[in-house]
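Only one structure is covered here, and it is reproduced in the block below.
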Amino acid sequence: MTTLANPTPYDRVAYPTTVFAQTHPERLAVLARLAGLDPVPPCEARILEIGGGTCVNLMSMAAMWPGCDAHGFDLSTNAIARGQEIAEAAGLGNVTLAVEDICEAHHRYPAGSFDYVIAHGVYAWVPPHVREATMRLAAHVLSDRGVAFISYNAMPGGHVRQIMREMLLDAIGEIDDPEERIAAVRDFLESYARPQDGDEPLATALRQQAENMLQRPDAVLFHDELGPCFHPQRLLDVAAAGHACGLAFLTDAGRNRQLDGFLPDGASVPDDPEAAVLLAASRDDYASLRYFRQSLFVKRQHGRMIDRTIDATRIANLWMSTRMARQEDGSFVHGADSMVIKDEALADAIERAAAVYPQRVPVASISTDPEHLRVLLQLYIEWYVSLFTAPAPFPPSPAERPQCSPLVRGMLELGEAMLCTLDHGVLKIEQAELRALLRAADGQRTIAEIAALGTGIPPEDTLAALTACCTKALMKV
Ligand SMILES: C[S@@+](CC[C@H](N)C(=O)[O-])C[C@H]1O[C@@H](n2cnc3c(N)ncnc32)[C@H](O)[C@@H]1O
């Protein structure tokens, strides 16, 4: 039986775990398919989250796919207890959470038992022996068609963060009390962030980083900046650690990094394509002072080859959604970015897809023209378009007996304001009437019965309010 040392720092101060789009098995599956692999459909997959805190990220997946089998663990008893409370309130029968140590977890989980393995924010925040055990565990539990996600503070940006860390640790000295540590760090950051005459460019960059740190929640500052372990990793070292455990580097899951595992367009295939893409990505890390990586791994098997040439036609049988908003001049806006799609037919098709967001449309309904698919792939890499292996697990309009997501219901019951949506996002809902409406939508009552309940929403507005909940991915199909 595993003996667990408690309390951990994460028991003293709860980590504000949330959902992470880049860990989503749909994203992992799409990238694997782009490399010519055959990943397990996420909706029926076995998923493991390592060091998941409350594992709300995992539960968000379990809520959207009742057919998946979701397991998560963490060393923090408090985090897992909170996660179990949420899973129970949500009635998520496909979620199993455990208090477990990464170093012992191979006893609990059999070899090859998971199709998606996620370790977000763990690898560079634990001592070396736990880091090694994390990679060993990922390799041990990964199935033959599986994809593992491992994120970490990366080099060379880690050097810069290390400078900040040394200043922060110096500022808190021997203070042990969490609240006092956080207060001391905030005092220091506020003063340090002020620009000084004659600042060198590096000092300017560090002061900017201090400014950014001030925006982070207390608990994130406490753990990510002041925690006992901070071991940023070089991509090549992480890939070598994966190799030693029988894993091959697939690619990176981050924005604009998803082609890191692929050869440049038109390049001839070298003898060792994996080594070539890793070297190029590693050089780029140094050229751009990268500080975070989200590496994907698959099993290195005889006879199985990752195709590292980019073939955009591989996305033709996927589904897509987009929030790209067409402007009067025909261009598109996405967040703060704007872009022009020169091909009118493609631009019109993207506009039609955006009109049904967050619903997904078959990529083939947008176009099957290889040139158009290349444009869509580029938009995907830049995170302007999302790709999926299946249609949305939430409806465009309320069913006869509308049912809100089980996880939303559970979180409402526990009084949480931030709710996990069925498109793996979070949404803050504080309005009492809307919360009452969502709780009333239990899949048993008709819309008329919900309207008659007196949720606070005028009965004549109930349908519109439920439709709005559908467009926020809060309702189940
Ligand atoms: C920075 S937090 C990240 C939590 C979550 N994955 C996220 O990204 O929000 C690191 C997590 O790793 C867990 N952890 C650290 N060492 C561990 C170990 N030996 N076994 C299991 N979990 C561990 C901590 O308890 C904590 O919840």
Side-chain angles (χ1 to χ4, degrees), residues 21-22 24-39 41-43 147 250-267 306-397 422-425 470-471 473 477:
Q22 65 277 28
H24 198 285
E26 276 286 5
R27 188 174 292 274
L28 278 45
V30 165
L31 291 169
R33 285 185 43 173
L34 193 60
L37 303 178
D38 177 29
C43 63
V147 185
L250 175 62
T251 190
D252 192 280
R255 184 175 184 195
N256 283 326
R257 300 262 57 87
Q258 293 161 110
L259 293 185
D260 278 3
F262 295 81
L263 296 163
D265 245 352
I306 298 171
D307 184 353
R308 297 190 185 271
T309 51
I310 299 167
D311 177 0
T313 62
R314 288 202 167 118
I315 70 169
N317 56 359
L318 299 176
W319 295 70
M320 69 163 262
S321 72
T322 183
R323 304 176 83 158
M324 287 168 59
R326 195 94 187 252
Q327 306 299 292
E328 274 184 9
D329 65 1
S331 67
F332 286 90
V333 167
H334 187 280
D337 302 339
S338 57
M339 66 224 74
V340 173
I341 307 290
K342 289 197 184 123
D343 186 296
E344 261 312 306
L346 179 60
D348 290 347
I350 290 175
E351 186 180 2
R352 284 197 298 278
V356 299
Y357 180 87
Q359 287 298 314
R360 305 167 188 172
V361 298
V363 170
S365 75
I366 301 284
S367 181
T368 49
D369 176 340
E371 270 315 304
H372 289 173
L373 296 176
R374 285 165 71 90
V375 174
L376 288 177
L377 179 60
Q378 189 53 40
L379 292 170
Y380 170 69
I381 299 305
E382 295 177 41
W383 284 19
Y384 299 140
V385 155
S386 300
L387 293 174
F388 306 91
T389 61
F394 45 86
S397 52
L422 288 172
D423 62 353
H424 208 51
C470 290
T471 64
V477 273

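Numbers here are sequence positions counted from 1. Because the structure is predicted, anything quoted here is derived from the model rather than measured.
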If you take all heavy atoms of [X] and [Y], which pair is closest and at what distance?
X    : Y    : result
M339 : L379 : SD-CD2, 4.1 Å
E26  : T389 : OE1-N, 2.6 Å
S331 : V340 : CB-CG2, 4.0 Å
L34  : F262 : O-CE2, 3.7 Å
A29  : P42  : CB-CG, 4.0 Å
A35  : R314 : C-NH1, 4.0 Å

Rounded at 0.5 Å granularity, tell me how far [atom1] in [X] sits from [atom2] in [Y].
X    : Y    : atom1 : atom2 : answer
L387 : M320 : CG    : CE    : 7.5 Å
S386 : L318 : OG    : CG    : 12.0 Å
I366 : L373 : CD1   : CG    : 10.0 Å

With sequence neighbours excluded, residues passing ring pair (Phe, Tyr, Trp, His ring centres under 6.0 Å) with H424: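 In terms of ring pair (Phe, Tyr, Trp, His ring centres under 6.0 Å), with neighbours along the sequence ignored, H424 is linked to H24.
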Just to verify, what does Y384 make a ring pair (Phe, Tyr, Trp, His ring centres under 6.0 Å) with, not counting sequence neighbours?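 Checked Y384 against ring pair (Phe, Tyr, Trp, His ring centres under 6.0 Å); matches are H334.
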Exercise answer: donor-acceptor pairs, residues 352-362 side-chain atoms, under 3.5 Å, sequence neighbours excluded:
residue: Q359; atom: NE2; partner: F394; partner atom: O; Å: 2.7
residue: Q359; atom: NE2; partner: P395; partner atom: O; Å: 3.4
residue: R360; atom: NH1; partner: A390; partner atom: O; Å: 3.1
residue: R360; atom: NH1; partner: P391; partner atom: O; Å: 3.2

Check whether any side-chain heavy atom of [X] lies under 4.5 Å from a side-chain heavy atom of [Y], and answer yes or no.
X    : Y    : answer
F332 : S338 : no
H372 : D343 : yes
I310 : L263 : no

Taking the side chain from [X] and the backbone from [Y], do they hold a donor-acceptor pair closer than 3.5 Å?
X    : Y    : value
Q258 : I381 : yes
R308 : P264 : no
Q327 : A325 : yes

Taking atom CZ of R326 as the centre, does the number of heavy atoms from other residues, nucleotides or ligands within less than 6.0 Å exceed 12?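 Enclosed.
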Option from D252, L259, T251, L37 for which side-chain contact (heavy atoms from CB on, under 4.5 Å) with L31 holds: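 Result: among D252, L259, T251, L37, T251 is the only option passing the side-chain contact (heavy atoms from CB on, under 4.5 Å) with L31.
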SB check [X] [Y] (cutoff 4.0 Å):
X    : Y    : answer
R374 : D265 : yes
E382 : R257 : no
R255 : D337 : yes

For side-chain contact (heavy atoms from CB on, under 4.5 Å), just list the numbers for V363 and T368, CA-CA rounded to whole Å, side-chain angles, deciding distance to a tenth of an Å, and then say yes or no. CA-CA 8 Å; V363 170; T368 49; over 6 Å; no
Is NZ or CZ of R27 both nearer than 6.0 Å to the six-membered ring centre of W383 and within 45° of the ring axis?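 Here R27 passes the 6.0 Å and 45° test against W383.
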Hydrogens and angles aside, do D369 and S367 bring a side-chain donor and acceptor to less than 3.5 Å of each other?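 No.
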Please determine whether salt bridge (charged side-chain N to carboxylate O under 4.0 Å, His left out) holds for the pair R33 and D38, giving the CA-CA distance in whole Å, both sets of side-chain angles, and the decisive distance to 0.1 Å. CA-CA 6 Å; R33 285 185 43 173; D38 177 29; over 6 Å; no
